[in-house]
There are 2 protein chains.
Amino acid sequence: MTQPGRPRRSTIADVAQHAGVSTTAVSKVLRNAYGVSPAMREKVTASIKELGYRPHAAARAMRGRTFTIGVLFPDLRNPFFPDILDGIDAQIAGTEYQVIIVRGGASAKTESSAIDALVDRQVDGLLMVAPLNTRKRLEEVARILPTVVLGPHDKSAAYDSVADDDAAGVELVMEHLIGLGHRRIAHIAHGDIGLARVSTSLQTIRAETYKRVMRDHGLADEIAIATTSYTETGGYDGARELLARDARPTAIFAGADLAAFGTLAAVHEAGLSVPGDISVAGYDNTRMAGLAHVSLTSVDQDGVTLGRTVGRLLLERIEGRTTPVRFFISPSLVARLSTGPAPS
Amino acid sequence: MTQPGRPRRSTIADVAQHAGVSTTAVSKVLRNAYGVSPAMREKVTASIKELGYRPHAAARAMRGRTFTIGVLFPDLRNPFFPDILDGIDAQIAGTEYQVIIVRGGASAKTESSAIDALVDRQVDGLLMVAPLNTRKRLEEVARILPTVVLGPHDKSAAYDSVADDDAAGVELVMEHLIGLGHRRIAHIAHGDIGLARVSTSLQTIRAETYKRVMRDHGLADEIAIATTSYTETGGYDGARELLARDARPTAIFAGADLAAFGTLAAVHEAGLSVPGDISVAGYDNTRMAGLAHVSLTSVDQDGVTLGRTVGRLLLERIEGRTTPVRFFISPSLVARLSTGPAPS
DNA sequence: GTGAAAGCGCTAACAC
DNA sequence: GTGTTAGCGCTTTCAC
């Protein structure tokens, strides 16, 4: 494994020797710890620089922190996720922390081992985005290390929660469509494969709110849901299924932009026009949605702000906070050309 | 930092005690090392399971490997990247290895510290996708740990290279467009911000090949390049610039699908039709490109195969191979409805 | 304010 | 085939 000619990396001992001080002193300077004279600090800093010394994360991990924040995403295809990362990065800029990312995959099981991988690697803090695992499992992890969960509308004493107010977002879309005269409004939902956290997952909240709003408006009989996934393919398949039904919907609300894009494809393939025959709306307000030729009506939930919030909470927890915090951010509707009056 | 009530994690010593053997024995079982009797193996395995023991990556890192593969992406917005990860995952499935991902950002400098972060965390192998840093810098890293570089057409004795044959891909697009009668074909390129590896970066190869093909066909005077970035915004801005020029292009070849999507938006906003007034082509053949309402002509480079190849090479290197390997994969053209005959 | 020394969990010589 | 032991590079008491 070792490469030939591999140059030996300098250690804290090398720095200490070079600066003519003890390793303790170097360690203290490194950690900005109490009890170092300015002169000492300067000497050490100079030696560190000269030797190009960087601390070994693994060695640090044995006694202290790794200065690593682990982020778990279900996948990396949703263009909304990078926004969250931008927010986190903005928040931790200037600290020594580094973000590492892992993919949880489509099942609670693969996700669980991804979480283990992060725990085994001793991350100082953990962010789980839209996790599939049970709250029990998440709390188990949260007992081991500072944890923030983004997405599910959970409330736990063990971790912080940050979520978009999905119910409010769905209401915005639905009121918009209903205001345009639509009655046969269908929904494309994301099936929870793990089935672990059915009630509080954002996808469930979105689907349930859709149903509730339909009922509230006396449209209970018009409820039509295709349960696939929040992906292009999921949206495509779901829309094809919905379009094939007897009473064809006049509007389709996909639970995510990615699915809305697939929906647009299916509608197009069916020879129908948007929004003439069918209105289409999404959720996430991705960059793609804003492009002129797509012009998808969507719900904006400001991923960067979500990311900043999450980053801040994580740092606070790492610094010692243990009282749980819960944040909701309010989404807003961005109406574009993919939605219009219901056909008469 | 430590959470209250944090349960102490079991160690190799706990397992040894529980099984009534030495820590060495446990370690050997863990590593499938030589010299353990079946009986011993069984006892130890049982104890590991019972105690729910998992090795501490940090402690392992101090002496051996971390079973971690680091992957560096410039960003996570390009929908082509998850395909690569799928390939890597497929390849390392069944091994103990775990992939962690970091973002390099838009500059060679931020990328360089992302690389450092991975090195500091003792990953066993490193994959750099479309890196911005100089070859010198990459070789410096490759001397420290097993490295594979994906994207640039580099040749180095220190690391393995895997790349799409970008020249061939661009030729496919250009011949396609020229065959359709286009002469004023413009290109949207990605500017190398770090400027570090100008000549061999995939973006440079694509732009240079575009120019070469134009010249080869006697179209040197028609060469028109907008240098922005391989993003939606980059494509949008680039296309607006190109469309504003005196001799408006009849075709725009964007160096990446993401940029092509932005181009489509700009063309649409300008009131022009695709492909009636302007043909548009991209590169990467992302899922989005295949959707009916987008139907973007693009170059397919099979990210999953790229990922598998990269994963295999990395494992080989970790196992000890030091002779460099270089792979090219051949792209293919997927012609769709966004390209058509040049307007007469 | 400074340094000596113990020890984090694991692996790898080496002895038995 | 099995166990003892010496570190890996760092942080952290605890003397001075």
Side-chain angles (χ1 to χ4, degrees), chain A residues 1-2 6-45 47-48 51-68 96 119-122 124 144-145, chain B residues 1-2 6-45 47-48 51-68 96 119-122 124 144-145:
Chain A
M1 198 180 64
T2 307
R6 177 183 189 146
R8 200 182 68 84
R9 200 176 158 143
S10 55
T11 72
I12 205 172
D14 299 330
V15 175
Q17 194 185 355
H18 186 272
V21 299
S22 72
T23 58
T24 310
V26 179
S27 175
K28 279 186 176 170
V29 170
L30 245 31
R31 292 173 291 118
N32 280 312
Y34 180 79
V36 251
S37 65
M40 161 85 71
R41 160 158 282 119
E42 201 164 330
K43 260 196 305 187
V44 172
T45 311
S47 294
I48 286 175
L51 297 180
Y53 167 80
R54 292 200 317 267
H56 238 83
R60 284 189 134 173
M62 302 283 299
R63 305 301 254 108
R65 5 183 121 172
T66 54
F67 294 96
T68 307
E96 221 180 317
V119 172
D120 294 347
R121 279 156 191 76
Q122 307 265 128
D124 295 332
I144 302 176
L145 52 85
Chain B
M1 197 181 70
T2 306
R6 177 180 190 148
R8 201 184 67 83
R9 202 176 156 142
S10 54
T11 73
I12 205 172
D14 298 330
V15 176
Q17 193 186 355
H18 186 272
V21 300
S22 71
T23 59
T24 307
V26 179
S27 176
K28 279 187 174 169
V29 169
L30 245 31
R31 293 173 289 120
N32 279 311
Y34 180 79
V36 251
S37 65
M40 161 85 68
R41 161 159 281 117
E42 200 164 330
K43 259 195 306 187
V44 172
T45 311
S47 294
I48 286 176
L51 298 181
Y53 167 80
R54 292 200 318 266
H56 239 82
R60 284 188 136 174
M62 301 284 298
R63 303 304 253 109
R65 9 184 118 170
T66 54
F67 293 96
T68 308
E96 222 181 315
V119 172
D120 295 348
R121 279 157 191 77
Q122 308 265 128
D124 295 332
I144 302 175
L145 52 84

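Below, chain A is the first sequence line, B the second, and so on; all start at residue 1. These values consider heavy atoms only, across backbone and side chains, with no hydrogens, waters or symmetry-generated copies.
- Considering only side-chain N and O atoms, B:Tyr34 lies nowhere under 4.0 angstrom from the phosphate OP1 or OP2 of D:dT2.
- At least one side-chain nitrogen or oxygen of A:Ser37 sits closer than 4.0 Å to the OP1 or OP2 atom of C:dT2.
- Map B:Lys28 and B:Tyr53 each onto its nearest nucleotide of DNA chain C; the residue landing nearer the 5' end is B:Tyr53.
- Within 4.0 Å of A:Thr24, counting heavy atoms only, lies at least one base atom of the nucleic acid.
- Between B:Gly35 and B:Thr23, it is B:Gly35 whose nearest contact on DNA chain D lies nearer the 5' terminus.
- Residue contacts shown for A:Val36 are limited to sugar-phosphate atoms, with no base heavy atom under 4.0 Å away.
- One can place CD of B:Gln122 at 14 Å from P of D:dC8, the figure rounded to the nearest angstrom.
- Side-chain contact between B:Leu30 and B:Ile48 is present, with heavy atoms from C-beta onward closer than 4.5 Å.
- Note on B:Arg31: a side-chain N or O is less than 4.0 Å away from OP1 or OP2 of C:dA12.
- A:Thr11 comes within 4.0 angstrom of sugar-phosphate atoms only, judged by non-hydrogen atoms across all strands, and of no base.
- Of the candidate nucleotides D:dC10, D:dT4, C:dG9, D:dT4 has the atom lying nearest to any side-chain atom of B:Ser22.
- To the nearest angstrom, P of C:dG9 lies 15 Å from CG of B:Leu30.
- Atom-to-atom, CD1 of A:Ile12 to C1' of C:dC8 comes out at 15 Å; the value is rounded to the nearest Å.
- B:Ser27 has a side-chain polar atom (N or O) that falls below the 4.0 Å cut-off from OP1 or OP2 of C:dT11.
- Looking at heavy atoms from C-beta onward, A:Met62 lies in side-chain contact with B:Met62 at the 4.5 angstrom threshold.
- Inter-residue side-chain proximity for B:Val119 and A:Arg54 is flagged as met; some heavy-atom pair is nearer than 4.5 Å.
- Atom C1' of nucleotide D:dT11 and atom NE2 of A:His56 are separated by 15 Å, given to the nearest angstrom.
- Straight-line distance from the CE atom of A:Met62 to the P atom of C:dA5: 21 Å, rounded to whole Å.
- Put simply, B:Arg60 has no side-chain N or O that comes within less than 4.0 Å of OP1 or OP2 on C:dG9.
- The interatomic distance linking A:Arg54 (CZ) with D:dG9 (C1') rounds to 15 Å, in whole Å.
- Taking the side chain of A:Ala59 as heavy atoms from C-beta on, and the options C:dA5, D:dG9, D:dT5, the nearest nucleotide is D:dG9.
- Distance check, rounded to the nearest 0.5 Å: NE2 of A:His56 to OG of A:Ser10 gives 10.0 Å.
- Donor-acceptor pairing under 3.5 Å is recorded for the side chains of A:Ser27 and A:Arg31.
- Summarising the geometry, the separation between CD on A:Glu42 and P on C:dG1 is reported as 16 Å, rounded to the nearest angstrom.
- For the atom pair CG of B:Asp120 and OG1 of A:Thr66, the computed distance is 11.5 Å after rounding to the nearest 0.5 Å.
- A straight line from NZ of A:Lys43 to C1' of C:dT2 spans 10 Å, rounded to a whole angstrom.
- Side chain of A:Arg63, nearest nucleotide from D:dG9, D:dC8, C:dG3: D:dG9.
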